[in-house]
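Source: prediction; values computed, not measured.
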Amino acid sequence: RQMDVLDEMLNGVEQEKKEPAQIGGKRKRVLSDATREKESISDQYERMKREGAISNKRRKVIKEAKKKKKREVPIENTFEAKQLVRTRRRSASDTSQVSIELEKLKNRKKVPKACTEVITDVNSSLIAVGKLMNQRVIAVDCEWAHEDYDEVRGQELCLIQISDRYKRVFLFDIFLCEDLIVKGLLKRLLENKKILKIFHDCRWDADILYRSGITINNVFDTQIGFAMYQRVAGRDTPLPVGLNTLLKIFGKENKNKQAARDGMVQERDYWKIRPMDDVMIEYAKEDVLYLPEVYNRLSEGIGQKNKSLSLELSEQYSKQKRSLSNEEIEDLQDEIDETIKNGERYIPTYGIEDWDRAAKIALKRSKSGMRSNGVRVPHIGRNGRRIKNHFYRGRHKRY
């Protein structure tokens with residue numbers, strides 16, 4: 001009799017498993033006393049644990065689905081992202097813009113901080129060169145002192161300044177440690193054809209570097225670039241301009257230029273003085289700090305076609321002095337000294353026939369107060385009146 005009762009109870013449990021009862025909107029399995037009696041304590045514990053884990057997973061999935069429905073834009077756990085979301089209203093039209101800006105914050109690369117480092121040992125040089133090798137464009141300049149005044153090429157390389165677009169400036173002290181060139185990998189950096197080197201009037205720098213064992217290539221000279229910039233704009237070809245003049249045109253200036261020049265006049269071996277004072281460091285730094293920005297401005301103004309032509313001319317420009325013999329350089333220096341002794345102004349040249357001819361013609365016109373089309377331009381004072389016997393030598397938009 002008891003066996004019959006147990007069989008009936010088990011049949012009822014199997015039917016309930018196939019068709020679970022609906023109680024309070026939730027599916028609940030009804031287990032009979034007979035099945036519970038057959039289960040051991042350990043089996044009951046494992047079953048309860050398994051069912052509890054499944055229910056916890058379901059709860060988490062439901063919560064995440066609800067959160068996704070409430071907001072489509074993910075909020076990053078950063079201060080900038082939280083501040084961005086707080087400042088903007090969570091309207092339907094604004095969510096797309098917020099998501100775009102959040103993605104920009106995520107994908108933004110860390111920009112290196114501007115710094116100035118004086119490199120005096122090989123280990124520091126290896127670290128600095130490793131940073132500069134990742135750049136496509138660097139600015140370079142050199143400082144030297146005379147080792148022997150009787151020799152034509154008696155200059156001794158003392159300092160190489162290099163900067164990048166992040167305004168990181170590295171001053172490599174060659175006077176204290178000559179091993180920086182080879183062991184410090186400066187030679188490999190400056191001879192790398194994939195890295196563009198920006199100079200201003202690279203002729204003497206290229207000559208001194210060549211005698212130090214470095215042959216520079218892939219050069220852009222801002223002196224050539226500025227002349228091209230003026231020619232493309234339809235203006236007269238200017239004479240070769242100095243670096244500080246060029247920087248002032250683009251709103252920059254080397255403020256320590258005059259102080260450093262006074263030091264060079266007083267002390268012939270100015271760049272051999274160690275330790276370097278603040279004026280020397282700031283002067284060397286500002287000679288290369290703004291060149292990447294000037295290069296960008298010139299590149300935008302001249303266009304890609306003229307930029308490639310400027311690169312070719314800059315390559316020729318870098319070979320002008322180093323291709324000359326000692327006798328030719330001595331003759332050139334004597335000619336300059338004689339011109340200055342006679343009280344005349346020495347007119348620098350590019351070494352490019354067409355440009356030098358055009359620059360001389362432009363110089364004559366400026367002396368006579370004429371434009372490139374031969375029109376005399378009167379000088380007008382602040383009160384708008386014309387001043388007699390004075391003519392405007394340059395160009396301005398109001399004229």
Exercise. Please walk me through it: do Arg274 and Met276 pass side chain to side chain contact (heavy atoms under 4.5 Å, CB included)?
Worked result: CA-CA 5 Å; Arg274 294 295 180 275; Met276 292 189 291; 3.6 Å; yes

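With hydrogens and angles ignored, the 3.5 Å screen pairs a side-chain donor or acceptor of Ser314 with a backbone N or O of Asp221. Side chain of Ser125 to main chain of Gly184: a donor-acceptor pair is present (N/O by atom type, distance under 3.5 Å, no hydrogens or angles).
Judged by distance alone, the side chains of Lys307 and Tyr295 do bring a donor and an acceptor atom under 3.5 Å apart. A donor-acceptor contact under 3.5 angstrom links the side chains of Gln258 and Asp262, judged on distance only. Judged purely by distance below 3.5 Å, without hydrogens or angles, the side chains of Ser124 and Asp121 pair a donor atom with an acceptor atom.
Note on ring orientation: taking the six-membered ring where Trp is involved, the planes of Phe226 and Phe250 are perpendicular (angle over 60°, cut-offs 30° and 60°). Ring pair Phe172/Phe170 is tilted by interplanar angle, where 30° to 60° counts as tilted.
Within the 6.0 Å centre-distance limit, the rings of Trp271 and Tyr283 are counted as a close aromatic pair.
By the 4.5 Å side-chain criterion applied to Ile, Leu, Val, Met, Phe, Trp and Tyr, Tyr346 is assigned to a cluster that also includes Leu332, Ile336, Ile340.
Environment of CD in Glu178: sparse, with no more than 12 heavy atoms of neighbouring residues, nucleotides or ligands closer than 6.0 Å.
With Gln161 as the partner, the side chain to side chain donor-acceptor pair (under 3.5 Å) test is satisfied by one option alone out of Glu143, Glu286, Lys285: Glu143.
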